[in-house]
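Beneath this line is the structure, given in structure tokens, with notes to follow.
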Amino acid sequence: QKEVEQDPGPLSVPEGAIVSLNCTYSNSAFQYFMWYRQYSRKGPELLMYTYSSGNKEDGRFTAQVDKSSKYISLFIRDSQPSDSATYLCAMISSGSARQLTFGSGTQLTVLP
Amino acid sequence: DSGVTQTPKHLITATGQRVTLRCSPRSGDLSVYWYQQSLDQGLQFLIQYYNGEERAKGNILERFSAQQFPDLHSELNLSSLELGDSALYFCASSVNGQETQYFGPGTRLLVL
């Protein structure tokens with residue numbers, strides 16, 4: 001079993017829809033949670049970073065963490081065609097090392 | 001633009017050969033991370049350096065090695081290349097090994 005599970009999609013939605021992307025994890029040591037966006041053949045771009053359980057909002061993006069359920073989500077409101085990309089959840093465990101453990105990524109297409 | 005630079009962008013080589021990938025972190029960042037992204041394995045952590053010293057190792061093959069130089073740039077050396085080493089190699093950097101990592105554009109390696 002992978003430490004981080006993410007539905008690979010693909011996910012296709014109409015412009016303006018609310019998108020929900022999710023990851024589950026099994027390692028209780030994960031303390032820091034990120035969402036990255038990756039356009040085709042480009043480097044991952046950091047979208048959101050959260051530490052505690054709860055919600056964090058940044059513009060059209062909301063990151064949600066539920067440590068008790070080992071479940072994180074990213075919501076995109078009023079989705080745009082420019083949001084079409086692969087979304088990767090990533091996590092860091094407590095300790096001195098800070099390497100990211102990634103989910104497999106969800107490919108999102110927003111149709112105009 | 002994340003501020004992390006990687007060269008070369010593309011590399012085509014033959015099995016058994018050796019290549020060197022180069023990364024320059026964002027100004028002020030002391031930590032450099034190397035990741036490999038392949039279709040079947042996703043994004044996987046290889047190795048981390050902090051201010052010239054190796055900090056953590058992930059699933060890095062013995063044929064691969066890295067170093068970080070006094071000017072903080074890093075090089076990833078891949079030797080005795082195999083077809084399965086074909087992948088995207090990303091470098092990321094962070095301040096003082098903190099959680100938020102910023103990725104470079106990657107080097108696409110094709111081993112023929």
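A note on names: the letters A, B, ... follow the listed sequences, proteins ahead of strands, and every chain is numbered from 1.
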(Q) Is there a path of hydrophobic side-chain contacts, each under 4.5 Å between heavy atoms, that joins B:Val32 and B:Val95? (A) no
Exercise. Taking the side chain from B:Tyr35 and the backbone from A:Leu100, do they hold a donor-acceptor pair closer than 3.5 Å?
Worked result: yes
Whatever's closer than 4.5 Å to a heavy atom in chain A on B:Gln6 counts as neither
d(B:Gln37 CD, A:Leu88 CG) to nearest 0.5 Å is 6.5 Å
Distance col, row B:Thr100:OG1 vs A:Met34:CE, nearest 0.5 angstrom, shows 6.5 Å
- Task: Check the hydrophobic clustering (I, L, V, M, F, W, Y; side-chain heavy atoms under 4.5 Å; chains of links allowed) and say if B:Tyr49 and B:Phe90 are grouped together.
- Result: no
Here the gap from A:Arg41 atom CZ to B:Lys9 atom NZ, rounded to the nearest 0.5 Å, amounts to 12.5 Å
Among residues 42-51 of chain A, residues within the sub-4.5 Å heavy-atom range of chain B, in order of number, are A:Lys42, A:Gly43, A:Pro44, A:Leu46, A:Tyr49
Same cluster for A:Ile92 and A:Tyr87 if Ile/Leu/Val/Met/Phe/Trp/Tyr side chains link at under 4.5 Å?
no
CD of B:Gln101 to OH of A:Tyr36, rounded to nearest 0.5 Å, is 5.5 Å
* Is the count of non-hydrogen atoms from other residues, nucleotides or ligands lying under 6.0 Å from A:Gln31 atom CD greater than 12? -> yes
Comparing A:Lys2, A:Gln38, A:Gln99 against chain B, the one with the most heavy-atom pairs below 4.5 Å turns out to be A:Gln99
Q) Do A:Ile72 and A:Phe102 share a hydrophobic cluster, counting only Ile, Leu, Val, Met, Phe, Trp and Tyr and linking them when any side-chain heavy atoms are less than 4.5 Å apart? A) no
Is it true that B:Leu21 and B:Leu72 fall in one hydrophobic cluster, defined by side-chain heavy atoms closer than 4.5 Å?
no
Do other residues, nucleotides or ligands put more than 12 heavy atoms under 6.0 Å from the CG atom of B:Leu83? yes
